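Only one structure is covered here, and it is reproduced in the block below.
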Amino acid sequence: PPRYRATTPGRAIGFLFIPFFNLYWAFVTFVRLADGFNALRADHPDSGLRNMRGWAEAKAVLFVCYWTIAFVPGFLSLVCITDFVVFVLFYRGIVANANAVIGRGWAV
């Protein structure tokens with residue numbers, strides 16, 4: 001449509017900021033969540049908390065792949081299936097850690 005053709009350079013830079021921020025956000029939030037549990041795990045080695053750093057990094061990388069190489073024909077199914085499997089494993093680990101924290105009464 002004509003209204004989209006009138007994008008100024010300032011708007012174009014603004015539009016590019018959104019995906020870059022999302023990629024940065026994925027690496028920061030997933031890894032910080034895992035590092036928070038790992039810090040608690042280091043203070044309480046007998047807590048049974050899982051080390052989720054590797055799964056967090058894998059999920060962040062797959063998030064980037066989903067928004068970049070998944071647009072290449074033939075890669076979408078591979079990226080989606082892998083992302084789903086890693087998401088389920090990451091989510092189960094985070095839920096197990098959260099339940100362990102709540103079960104010990106550490107949650108505020």
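What you see is a predicted model, and the numbers here were worked out from it, not measured in a lab.
- The minimum heavy-atom distance between Phe37 and Leu49, with the atom names listed, is O-CD1, 3.9 Å.
- Taken from SG in Cys65 to CG in Leu78, the straight-line distance is 9.0 Å, to the nearest 0.5 Å.
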Side chain to side chain contact (heavy atoms under 4.5 Å, CB included) assessment of Glu57 paired with Val31: CA-CA 6 Å; Glu57 290 172 353; Val31 173; 4.0 Å; yes

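- Annotation for Phe27: atom CZ counts as buried by contact number, over 12 foreign heavy atoms lying within 6.0 Å.
- Taking hydrophobic clusters as Ile, Leu, Val, Met, Phe, Trp and Tyr residues chained together by side-chain heavy-atom distances below 4.5 Å, Ile94 shares a cluster with Leu40.
- Cluster annotation: Val88 and Val95 are assigned to the same hydrophobic cluster (Ile/Leu/Val/Met/Phe/Trp/Tyr, side-chain heavy-atom contacts under 4.5 Å, transitive).
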Chi angles and distances behind the side chain to side chain contact (heavy atoms under 4.5 Å, CB included) call for Arg41, Asn38: CA-CA 5 Å; Arg41 184 172 165 247; Asn38 286 344; 4.1 Å; yes

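- Considering CG of Leu62 and CZ of Phe84, their distance stands at 13.0 Å, rounded to 0.5 Å.
- Of all the heavy atoms in Asn97 and Arg50, the pair that sits closest is OD1-N, 2.7 Å.
- Smallest separation of non-hydrogen atoms from Ser47 and Arg104: CA-NH2, 3.3 Å.
- Nearest approach of Ala56 to Phe30, heavy atoms of both residues: CB-O, 3.3 Å.
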Pair Lys59-Asp83, side chain to side chain contact (heavy atoms under 4.5 Å, CB included): steps then yes or no: CA-CA 7 Å; Lys59 179 62 185 128; Asp83 184 49; 2.7 Å; yes

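- When side chains are defined from C-beta on, Val86 counts as touching Trp55, because their heavy atoms get closer than 4.5 Å.
- Linking ILVMFWY residues whenever their side-chain heavy atoms come closer than 4.5 Å, directly or via other members, leaves Tyr91 and Leu33 in distinct clusters.
- A single hydrophobic cluster is not seen to contain both Leu89 and Phe87; linkage of ILVMFWY side chains at heavy-atom distances under 4.5 Å, directly or through other members, places them apart.
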Audit row: Asp46, His44, side chain to side chain contact (heavy atoms under 4.5 Å, CB included) steps and yes/no: CA-CA 5 Å; Asp46 61 333; His44 304 280; 4.1 Å; yes

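- Atom CG of Leu76 sits about 9.0 Å away from atom CD1 of Ile81, to the nearest 0.5 Å.
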